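Worksheet for the structure shown next.
Every chain is numbered from 1 and lettered A, B, ... according to where its sequence line falls, protein lines coming before strand lines. Treat the numbers as computed from the prediction; the structure is a model and nothing was measured.
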Amino acid sequence: MPIDAYSSIDELARALRAKEVSSVELTRFFLDRLAKYGERLGAVVTITRERAMREAEAADRAIASGNVQNKPLIGIPYGVKDLLAAKGAPTTWGAEPFRNQVFDYDATVVERLTNAGAVLVAKLAMVELAGGFGYNNADASFTGPARTPWNMNFWSGGSSSGPGAAVAAGLVPFAIGSETSGSILTPSAFSGVTGLRPTYGAVSRYGAMALCWTLDKIGPMARSAADCNTIYGAIVGEDPRDPTTARVFPSGRANWVASSVQSRPANKRAARIGLVKGSWDKTQPAVRDNFLAAVEVLRAQGHTIKEIDYPDFPYGPVISLIVDAEGASAFEDILQDGRAKQLRALADRTGGYAAAATLAIDYLRAQRIRPKIRQALLKLFEEVDLVVSPTRSTVAYPIGPNFDEVYKDARSGPAVIPSMNLLGAPAIALPNGTGENGLPTSIQFNAAPANEMLAVNTGIHYQFVTKFHLQRPPGFD
Amino acid sequence: MAKTSRRRFLAVAGAAAFSTGAPGSQPGDVIRRAESPSLQCLPYTQHLAPEEVERIRKDFADAVPYLESFRKFRLANADEPDFTFHSLTERW
């Protein structure tokens with residue numbers, strides 16, 4: 001059977017179980033694509049060929065013996081952002097000082113995907129240290145800038161830059177990214193893929209690089225909301241090795257999450273959608289137009305739409321101080337011994353030192369304001385089920401100039417991404433069209449903590465009608 | 001996206017840090033604080049060239065206005081930070 005690089009997880013799973021294709025064939029196919037396009041896109045750090053073939057052979061044996069219960073991803077290749085430990089493979093955190101780092105264990109997420117039958121084919125590029133030292137340019141990884149396949153002169157977004165580019169170009173069927181504040185949603189938007197930022201504490205961070213203990217989250221990036229849902233079901237749930245996961249999604253809930261994709265038509269219900277006032281009127285025109293067109297789709301699907309005033313808080317300073325203080329502490333070793341000066345981006349070489357000057361009293365002030373933010377945003381979620389806005393106010397940034405030198409006329413309005421990360425709320429980013437230079441635009445649905453299923457299901461229904469998630473970048477067939 | 005980067009917000013915080021303990025300084029008085037920054041609180045400066053230290057100092061000073069809303073946010077004595085210490089725990 002000819003393999004389509006852009007198949008959904010459901011399609012691949014059906015073909016594998018029907019033995020129309022083997023996992024070994026599928027794995028070889030994606031390994032070849034990674035080898036062919038990975039470097040051009042700046043998307044790949046390490047191709048895990050040996051491990052992949054071993055896991056693919058095991059998957060084929062399991063399929064042949066019919067032993068595929070509780071293995072929703074059996075035989076399906078995937079990649080992970082290179083901040084997740086995978087036994088024996090380099091885990092570089094995108095940064096020169098760590099390019100030879102190797103762990104002798106798998107991160108919980110990798111372990112769970114292995115248990116679900118998935119095949120790890122690549123460690124994918126990322127912005128160095130997940131952007132913790134304040135990078136201001138796309139060239140902020142020791143592997144160079146990752147490119148969006150929609151236009152190779154533009155960045156794929158960060159800090160999960162490799163997952164964005166690799167999924168968008170069909171180098172892997174899905175990938176795992178991470179977000180502290182925007183690092184799943186932004187590359188999903190810039191690369192035209194669907195990304196799910198889970199509730200804080202829903203997915204174990206064991207074996208993941210720590211940037212910011214009170215904000216880091218790990219989640220899927222894939223072709224569709226339905227795919228994200230399937231992947232999420234395999235990785236969500238309590239892990240004794242990560243105390244933040246306690247009681248957020250007990251394992252029973254995880255099963256429900258995983259099974260919900262099977263019953264999605266029955267799950268359809270009208271949501272109360274709140275559009276964040278001021279979030280689209282100063283964006284790039286195509287971002288605005290595509291956003292308003294998406295809103296009309298949601299309205300036609302029976303959802304209640306209203307505009308909402310976003311609570312006014314100093315979201316930017318609060319999240320900055322938290323990331324800076326925790327990030328400087330997490331990487332104090334390389335600040336202390338001077339290895340931070342080996343980082344790629346100019347801003348990163350001094351950014352960590354500046355961050356280390358954050359006063360304890362400022363960090364605590366930020367953490368004391370945070371409950372007020374939570375209270376205000378949870379109150380908002382009493383009025384609406386989903387808080388919706390454009391994911392980004394612009395299309396992808398060009399490679400070369402600093403971020404603050406471009407798109408000077410566009411503004412996002414209220415800081416939805418930082419505020420929802422401070423809350424620990426889940427969100428899904430969905431492609432909703434194209435804008436300048438043929439680059440994708442995106443819409444985000446945010447839900448109250450532990451309500452990702454509402455965001456995901458609304459996304460699945462949205463993608464029943466719109467087909468933006470099925471579009472393919474030119475030149476990567 | 002707002003044009004103020006996360007780094008600029010950081011820089012603002014640092015500006016306040018530099019002048020901690022300045023005579024007569026008041027909570028929220030960030031502009032006055034930033035007028036005479038020192039670099040006493042910047043650690044590991046042995047790894048920074050003088051021009052890098054100067055750049056950080058300038059970033060801190062430039063970014064002062066962006067911290068205004070943060071500094072002005074009123075907190076009461078009873079407002080606890082968003083994490084809790086547990087003396088007893090079953091797990092850890």
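In this structure, A:R365 is positioned above the aromatic face of B:F70, its NZ or CZ under 6.0 Å from the six-membered ring centre and within 45° of the axis.
With a 4.5 angstrom heavy-atom cutoff, A:K282 does not touch chain B via any of its atoms. Within the 4.5 angstrom heavy-atom criterion, atoms from both the backbone and the side chain of A:A366 approach chain B. The part of A:F313 that comes within reach of chain B is its side chain, from C-beta onward, which places non-hydrogen atoms under 4.5 angstrom from that chain.
Taking the charged nitrogens against the carboxylate oxygens, B:R71 and A:D362 do have a contact shorter than 4.0 Å, which makes a salt bridge.
For A:E326, there are no salt bridge (charged side-chain N to carboxylate O under 4.0 Å, His left out) partners, not counting sequence neighbours. Scored by the salt bridge (charged side-chain N to carboxylate O under 4.0 Å, His left out) test, A:D139 finds A:R344 as partners (sequence neighbours excluded). Not counting sequence neighbours, A:R349 has no partner by the salt bridge (charged side-chain N to carboxylate O under 4.0 Å, His left out) test.
Scanning residues 330-340 of chain A against chain B with a 4.5 Å heavy-atom cutoff picks out A:E332, A:L335, A:Q336, A:D337, A:G338, ordered by number.
A perpendicular orientation is assigned to the rings of A:Y353 and B:Y44, their planes being inclined by more than 60° (bins at 30° and 60°).
Counting non-hydrogen atoms of neighbouring residues, nucleotides and ligands closer than 6.0 angstrom, the CD atom of A:E405 exceeds 12 such neighbours. Within 6.0 Å of CG on A:D281 lie more than 12 heavy atoms contributed by other residues, nucleotides or ligands. For CG of B:L75, the number of neighbouring non-hydrogen atoms (other residues, nucleotides, ligands) closer than 6.0 Å is greater than 12.
Taking 4.5 Å as the limit, some side-chain heavy atom of A:K341 sits within range of a side-chain heavy atom of B:E52. Looking at B:R55 and A:T350, their side chains come closer than 4.5 Å, going by heavy atoms from C-beta outward. Within the 4.5 Å cutoff, no side-chain heavy atoms of A:P317 are placed close to those of B:Y66.
Under a 3.5 Å cut-off, the side chain of A:R368 and the backbone N or O of B:E80 do not form any donor-acceptor pair.
Nearest heavy atom pair, residue A:A356 against residue B:P43, reads CB-CG, 3.5 Å.
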For this session: Given side chain to side chain contact (heavy atoms under 4.5 Å, CB included), test A:I369 with B:D82 step by step and report yes or no.
Result: CA-CA 8 Å; A:I369 295 174; B:D82 207 2; over 6 Å; no
